[in-house]
Amino acid sequence: MDLELRHLKIIRAIDEAGSLTRAATSLGLAQSALSAQLKRIERALGGALFERGRHGAQPTPLGELVLDRARVLLPAMRELQEEAVRFANTLEDLPRFRLAGTPGPMLGGLVDQLSLLHPQAAISTLTSWSIEELSELVVSGRLDFALAGACGEATPPAPDQLTWHTVGRDPIFVMLSEQHPLADRHELDLADLSGEQWVDAPGDGCFGDCFSTACARAGFTPTSVYELDTTACVHLVQAGRAVAPCKATFPPTPGVVTLPLIGNPLSWHHLLAWHPASAAAGAAPAVLIRARQAHREAARRNPRYTQWLAANAHFGTTPDHPNP
């Protein structure tokens, strides 16, 4: 017999009541039925849980061990159930989701997650390379949630007005043509690319400064950095005209490889923002969980990143917990 939560509740009830008779009454069971159930539980656990005498039922050392675990597990399961109910109810109470994000797989993944969970809700999206613009739209109430990012430990915009929570933390990889002489390496030192031309997508955050600083620490200054949209960036890399920094969640793409950089000189935090006084704030914990699931799935789509994460557990999706 496998141990179940209801068995832990029985053990706790006997301990709190101090006797099988009183425990049976509180549980609404016949004493004989409770006694038979206790015997089955004790057989499953390998020993007696209570010593029964004139003064009632006293836990044995094995019983104390099980009770210690039950005192942790039973409240945790109750909290899980309550949070799940709140999660479902807040989504039901929000008839729409006005989402925005920087271009990439995360926003589409979040739309997919919310559509599966809440198919009747109206979902609208907006994309922008500017995290400042996205933040202003949330502050003004024209958006409910913004899915954006920040380089390293940089502070996102409007921290005194918006609530920001981390969805995940990724290293910055480098994208090379699959014909590049270094493409067969497992990882690269940033200094190995000192003679390359670089291409990157636009943005108004600090990534450009962080990238320049990382290159300077590696002992070089990039000869040129083209600024193009993602499609054009990939085209130049495929053609062997440039290399590009990219998030580790960048999906596998024909003609290019993505490789980790030794020492992780650059990293990226995926963030979700909302206004704490908005009508959407009640649904924020549920949306945050779905955003993290979208990040988890984006990471899984890149086998090289999945393999890398196995040895670098401090990166990846931020775990879900009651106070994210």
Report the C-alpha separation of Arg169 and Ser267 in whole Å, then their side-chain angles, then the decisive distance to 0.1 Å, and conclude whether the side-chain contact (heavy atoms from CB on, under 4.5 Å) test is met.
CA-CA 7 Å; Arg169 177 172 174 250; Ser267 63; 4.1 Å; yes
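- In this structure, the separation between CD1 on Ile14 and OG1 on Thr21 is 10.5 Å, given to the nearest 0.5 Å.
- A heavy-atom distance below 4.5 Å is not found between the side chains of Thr249 and Asn302.
- Nearest heavy atoms, His270 versus Asp170: NE2-OD2, 2.7 Å.
- Annotation: salt bridge (charged side-chain N to carboxylate O under 4.0 Å, His left out) contacts of Arg6 (sequence neighbours excluded): Glu4.
- What you find for Glu178 and Ala183 is that their closest heavy atoms are O-CB, 3.7 Å.
- There is no path of hydrophobic side-chain contacts, each under 4.5 Å, that joins Phe211 to Tyr226.
- Around atom NE2 of His314, more than 12 heavy atoms belonging to other residues, nucleotides or ligands sit under 6.0 Å away.
- Remark: side-chain polar atoms of Thr306 are paired, donor with acceptor, to backbone N or O of Ala299 under 3.5 angstrom.
- Checked by atom type and distance alone, the side chain of Thr213 pairs as donor or acceptor with a backbone atom of Asp209 at under 3.5 Å.
- Between the Arg304 side chain and the Thr258 main chain, a donor and an acceptor come within less than 3.5 Å of each other.
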**Steps toward side-chain contact (heavy atoms from CB on, under 4.5 Å) verdict (Val167, Met106)** = CA-CA 10 Å; Val167 173; Met106 290 290 296; 3.8 Å; yes
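- Checking each of Val257, Leu176, Val243 against Leu182 for a side-chain contact (heavy atoms from CB on, under 4.5 Å) leaves exactly one that passes, namely Leu176.
- The two residues Ala23 and Ala13 come nearest to each other via the heavy atoms CB-O, 3.8 Å.
- For Ser130 (side chain) and Glu133 (main-chain N/O), a donor-acceptor pair under 3.5 Å exists by modelled atom type.
- Checking side-chain atoms of Asn264 against main-chain N and O of Ile172 turns up no donor-acceptor pair under 3.5 Å.
- Glu51 contributes no side-chain N or O that, together with a main-chain N or O of Gln58, makes up a donor-acceptor pair within less than 3.5 Å.
- With Ser135 contributing its side chain and Ala158 its backbone, the two residues share no donor-acceptor pair below 3.5 Å.
- Between the side chain of His269 and the backbone N or O of Gly152, at least one donor-acceptor pair lies under 3.5 Å.
- At a threshold of 4.5 Å between side-chain heavy atoms, the hydrophobic network of Ile, Leu, Val, Met, Phe, Trp and Tyr places Phe145 and Ile123 in one connected group.
- You'll find the side chain of Ile41 reaches within 4.5 Å of the side chain of His7, heavy atoms only.
- Clustering ILVMFWY residues whenever any of their side-chain heavy atoms sit less than 4.5 angstrom apart, transitively, puts Leu188 in a cluster other than the one holding Val256.
- The number of heavy atoms from other shown groups lying within 6.0 Å of CZ (Arg217) does not exceed 12.
- In this structure, CZ in Arg292 is found 9.0 Å from OG1 in Thr317, a value given to the nearest 0.5 Å.
- For the side-chain hydrogen bond (donor to acceptor under 3.5 Å, both in side chains) criterion with Gln293, the lone passing option out of His295, Arg290, Glu297 is Glu297.
- Looking at heavy atoms from C-beta onward, Val174 lies out of side-chain contact with Cys246 at the 4.5 angstrom threshold.
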- Apply side-chain contact (heavy atoms from CB on, under 4.5 Å) to the pair Thr102 and Thr127, showing each step before the final yes or no. CA-CA 5 Å; Thr102 50; Thr127 59; over 6 Å; no
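- Atom CG of Asp2 is surrounded by 12 or fewer heavy atoms from other residues, nucleotides or ligands within 6.0 Å.
- There is no path of hydrophobic side-chain contacts, each under 4.5 Å, that joins Leu266 to Met175.
- Under a 3.5 Å cut-off, the side chain of Asp229 and the backbone N or O of Ala232 do form a donor-acceptor pair.
- Distance check: Gln197 CD to Arg241 CZ gives 9.0 Å after rounding to the nearest 0.5 Å.
- Counting heavy atoms from C-beta outward, Thr231 and His235 have side chains that stay 4.5 Å or more apart.
- Crowding of Arg71 atom CZ: a count of heavy atoms from other residues, nucleotides or ligands under 6.0 Å exceeding 12.
- A 6.0 Å sphere centred on CZ of Phe220 holds more than 12 heavy atoms belonging to other residues, nucleotides or ligands.
- Residue Gln238 comes nearest to Ser177 through the heavy atom pair O-OG, 3.7 Å, listed as atom of the first residue, atom of the second, then distance.
- Contact annotation: the side chain of Trp268 approaches that of Cys151 to within less than 4.5 Å [non-hydrogen atoms, C-beta and beyond].
- With a 4.5 Å cut-off on side-chain heavy atoms, Pro303 and Trp308 do not count as touching.
- Partner of Val111 under the side-chain contact (heavy atoms from CB on, under 4.5 Å) criterion, out of Leu147, Leu116, Leu99: Leu99 alone.
- Residue Glu196 is tested with Asp192, Leu193, Val199 for a side-chain contact (heavy atoms from CB on, under 4.5 Å); the sole match is Leu193.
- Taking the six-membered ring where tryptophan is involved, the planes of Phe173 and Tyr305 are perpendicular, since the angle between them exceeds 60° and thus also 30°.
- The CD1 atom of Ile262 sits 5.0 Å away from the CG atom of Asp189 when rounded to the nearest 0.5 Å.
- The shortest non-hydrogen separation linking Arg52 to Leu20 is NH1-CD2, 3.6 Å.
- Closest non-hydrogen pair, Ala201 versus Thr230, comes out as CB-OG1, 4.4 Å.
- Looking at heavy atoms from C-beta onward, Pro171 lies out of side-chain contact with Pro260 at the 4.5 angstrom threshold.
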### Query
Step by step, would you call Leu134 with Leu126 a side-chain contact (heavy atoms from CB on, under 4.5 Å)?
CA-CA 9 Å; Leu134 297 179; Leu126 177 149; 3.9 Å; yes
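- The structure places OG of Ser26 at 10.0 Å from CD1 of Ile10, a figure rounded to the nearest 0.5 Å.
- With Trp274 contributing its side chain and Gly282 its backbone, the two residues share no donor-acceptor pair below 3.5 Å.
- Between Arg12 and Leu74, some side-chain heavy-atom pair lies under the 4.5 Å cut-off.
- Taking hydrophobic clusters as Ile, Leu, Val, Met, Phe, Trp and Tyr residues chained together by side-chain heavy-atom distances below 4.5 Å, Ile11 shares a cluster with Leu29.
- Atom-to-atom distance recorded for Met77:CE and Leu73:CG is 8.5 Å, nearest 0.5 angstrom.
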